[in-house]
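What follows is a short report on a single structure.
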Amino acid sequence: YDEEGKKEYEGFMVDGVKMGYGIEYYSDIEWVKYRGCFYDGKRFGKGVLYDRSEMVDYDGLWKNDSTYCDQFDGNGIDCYTELVSINDGSFNEVKSFILPSFIHSLKRIAIGNKCFGKVRVFELDGLDELESVVIGNDSFRISDKERPYASYRIVNCPKLKSIQIGYDSFYDYHSFELNNLPSLQSIDMGEYCFFLAPSFSLTGLIDGLI
């Protein structure tokens, strides 16, 4: 209830924060404003928003208190995400880049320049809808002085058509694997990519490569 004793919210809470299923009210008229799921105090998941005349304003998915968008929001990727677009100079404290197969709607990954500098494992496995991967310049590398073992792996992505990597990215990676990519048509790499890799191999169902 608000300070005047009018109902604002009815539902589950954890440590005073809305969590799980609940109902929000217009406190001045005590009519339902929102009915659905919450996470960490925000509308998150399936929910219905009503206007002040009790008509449905929106019925669908929510994420971080906003109506759902199928693009990466800078915080999290979920099973409805179709596009991951990452700006230059991002996520340079992250140690691995592994997207699990339950991210089944993902179609495109676009990563800017100088991103993921500390990542030593890059893996895309079983992403059924993935069509393209674009990585900018000077990403996924630490420096010319450090040589820790690092691996790059894209496998079991049946709709992947193109891979594009800018110059100097993955410079110090030692392992490069592409496997079971039946729709792959093009691989475009800039200078000094995988400069330290001892071998380069393409195996398994990549007959469409031109």
> Once you round to the nearest 0.5 Å, how far does OH of Tyr34 lie from CG of Leu49?
Replying inline: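 With rounding to 0.5 Å, OH (Tyr34) is 8.5 Å from CG (Leu49).
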>> Please report the interatomic distance SG(Cys37) to OH(Tyr21), rounded to the nearest 0.5 Å.
In response: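 One gets 8.0 Å once the value is rounded to the nearest 0.5 Å.
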>> Suppose clustering is done on Ile, Leu, Val, Met, Phe, Trp and Tyr with side-chain heavy atoms closer than 4.5 Å. Which residues sit in the same group as Ile29?
In response: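 Joined to Ile29, directly or through intermediates: Tyr26, Trp31.
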Any side-chain donor-acceptor pair under 3.5 Å between [X] and [Y]?
{"X": "Asp125", "Y": "Asn156", "result": "yes"}
{"X": "Glu8", "Y": "Tyr1", "result": "no"}
{"X": "Ser53", "Y": "Asp51", "result": "yes"}

>> Using salt bridge (Lys or Arg N to Asp or Glu O under 4.0 Å), reason through Glu129 and Lys159 one step at a time and then give a plain yes or no.
In response: CA-CA 6 Å; Glu129 297 300 320; Lys159 293 185 179 181; 3.0 Å; yes
With the 4.5 Å side-chain cut-off for hydrophobic clustering, are [X] and [Y] part of the same group?
{"X": "Ile98", "Y": "Leu181", "result": "no"}
{"X": "Ile154", "Y": "Phe102", "result": "yes"}
{"X": "Met19", "Y": "Phe44", "result": "yes"}

Can you say whether the rings of [X] and [Y] are parallel (under 30°), tilted (30 to 60°) or perpendicular (over 60°)?
{"X": "Phe194", "Y": "Phe170", "value": "parallel"}
{"X": "Phe122", "Y": "Tyr152", "value": "parallel"}
{"X": "Phe140", "Y": "Phe116", "value": "parallel"}

>> So if I apply the side chain to side chain contact (heavy atoms under 4.5 Å, CB included) rule between Leu99 and each of Leu130, Thr81, Ile109, which one comes out positive?
In response: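 Only one option passes, and that is Ile109.
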> Should the pair Arg108-Glu131 be classified as a salt bridge under the 4.0 Å nitrogen-to-oxygen rule?
Replying inline: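 Result for this pair is no, no salt bridge flagged.
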>> Test salt bridge (Lys or Arg N to Asp or Glu O under 4.0 Å) on Glu24 and Lys33; report intermediate values, then the result.
In response: CA-CA 5 Å; Glu24 288 181 324; Lys33 180 178 182 180; 5.6 Å; no
>> Glu177 vs Arg153, test: salt bridge (Lys or Arg N to Asp or Glu O under 4.0 Å). Steps then yes/no.
In response: CA-CA 5 Å; Glu177 178 185 358; Arg153 186 170 182 258; 3.1 Å; yes
>> Using the rule given for ring-ring contact (aromatic ring centres under 6.0 Å, His included), can you reason through Trp62 versus Phe38, listing the C-alpha separation, both sets of side-chain angles and the distance that settles it, and then say yes or no?
In response: CA-CA 9 Å; Trp62 295 78; Phe38 292 87; 9.3 Å; no
